Amino acid sequence: MAPFPNLGDDALQPPKVAAPAVTADEGAGGHSLSLNLSAASWVEVIGQDGTRLEYGLLPAGTSKTWRSDQPLDVRIGNVVGAQVSIDGQPVTLDGFRHANVAHFRMQIADGKAAAASL
């Protein structure tokens, strides 16, 4: 019989690999919509012309900024793990939240951008 080392629970666990943070700045324009995720979230950002600027599941640690001079429609799933700002000002998502999904539009009026209901 050959002796074998004691394989505790630590030896059976796969190594944990941290997901890389994703940082991006997309588009051109005078106004910005920034998103910082502390938890994985499903995100959809649609331009005024109907073009999808973002669509899919983004991992925790993602920071993205979209720039535009036109309104943007935004949907964020798992909203408890998301922080949003428009032109550097934080947006409170509670008023746009249904269950754990936020729906809002980055509306531009009189040269200022703000979140508005869809």
Side-chain angles (χ1 to χ4, degrees):
M1 289 205 147
F4 291 100
N6 185 6
L7 296 177
D9 288 339
D10 293 339
L12 298 176
Q13 298 294 327
K16 294 183 181 180
V17 177
V22 177
T23 303
D25 195 357
E26 298 180 16
H31 299 286
S32 65
L33 170 72
S34 297
L35 175 67
N36 293 306
L37 300 176
S38 61
S41 298
W42 178 84
V43 176
E44 181 178 37
V45 179
I46 300 175
Q48 185 177 20
D49 62 357
T51 303
R52 280 186 172 163
L53 305 175
E54 187 70 51
Y55 183 78
L57 184 65
L58 299 178
T62 299
S63 294
K64 282 196 145 187
T65 300
W66 296 270
R67 298 192 176 281
S68 179
D69 287 327
Q70 302 297 320
L72 300 174
D73 290 343
V74 181
R75 288 170 182 78
I76 303 170
N78 193 19
V79 73
V80 296
Q83 294 179 338
V84 174
S85 62
I86 294 177
D87 288 346
Q89 299 299 313
V91 175
T92 303
L93 297 175
D94 292 338
F96 307 113
R97 184 176 168 178
H98 305 281
N100 199 18
V101 178
H103 301 248
F104 66 94
R105 172 175 285 150
M106 182 181 85
Q107 188 67 45
I108 300 169
D110 299 327
K112 294 187 179 188
S117 295
L118 284 175

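The model shown is predicted, which means the values in this text are computed figures rather than measured ones. Side chains included, hydrogens not; waters and symmetry mates left out as well; all remaining heavy atoms used.
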Point to revise | Minimum heavy-atom distance between Val80 and Asn100, given as atom pair plus value | key: N-OD1, 3.4 Å

Check your understanding: What are the two closest heavy atoms between Ile76 and Ser41, and how far apart are they?
Key -> CG2-CB, 4.4 Å

Check your understanding: Do the non-hydrogen side-chain atoms of Asp69 and His31 ever get within less than 4.5 Å of each other?
Key -> yes

Point to revise | For Thr51, side chain to side chain contact (heavy atoms under 4.5 Å, CB included) partners two or more places apart | key: Asp49, Leu53

**Study point:** Residue pair Gly88 / Ser32: nearest heavy atoms and the distance that separates them
**Key:** N-OG, 4.3 Å

Practice item. Find the distance between CZ (Arg105) and CD (Gln48) and round it off to the nearest 0.5 Å. Key: 8.0 Å

Side-chain donor-acceptor contacts of residues 108-118 below 3.5 Å, not counting sequence neighbours, with atom names and distances?
none

Study note, to complete from the structure: Looking only at heavy atoms, the pair that brings Ser34 and Thr65 closest together is OG-OG1, 3.1 Å

Exercise for review: For residues Leu37 and Ala82, report the shortest heavy-atom separation together with the two atoms involved.
Suggested key: CD2-CB, 3.7 Å

Check your understanding: Where do Ala60 and Ser38 come nearest, in terms of heavy atoms and distance?
Key -> CB-O, 3.6 Å

Point to revise | Donor-acceptor contact present, side-chain Asn36 to main-chain Gln83, <3.5 Å | key: no

Review point. Rounded to the nearest 0.5 Å, how far apart are CZ of Arg75 and CD of Glu54?
Key: 14.0 Å

Review point. So Phe104 and Val84, side chain to side chain contact (heavy atoms under 4.5 Å, CB included) or not? Walk me through it.
Key: CA-CA 11 Å; Phe104 66 94; Val84 174; 3.9 Å; yes

Check your understanding: Checking Ser68 side chain against Gln70 main chain: does a donor-acceptor pair fall under 3.5 Å?
Key -> yes

Exercise for review: Keeping the roles fixed (side chain from Asp73, backbone from Ile46), state whether a donor-acceptor pair exists under 3.5 Å.
Suggested key: no

Point to revise | Pairs flagged by ring-ring contact (aromatic ring centres under 6.0 Å, His included) wherever residues 39-58 is involved - sequence neighbours left out | key: Trp42-Tyr55

Exercise for review: Could you please spell out the steps behind the side chain to side chain contact (heavy atoms under 4.5 Å, CB included) verdict for Val91 and Phe96?
Suggested key: CA-CA 10 Å; Val91 175; Phe96 307 113; 4.2 Å; yes

Exercise for review: Hey, could you give me the OG/CG distance between Ser85 and Leu33, rounded to the nearest 0.5 Å?
Suggested key: 7.5 Å

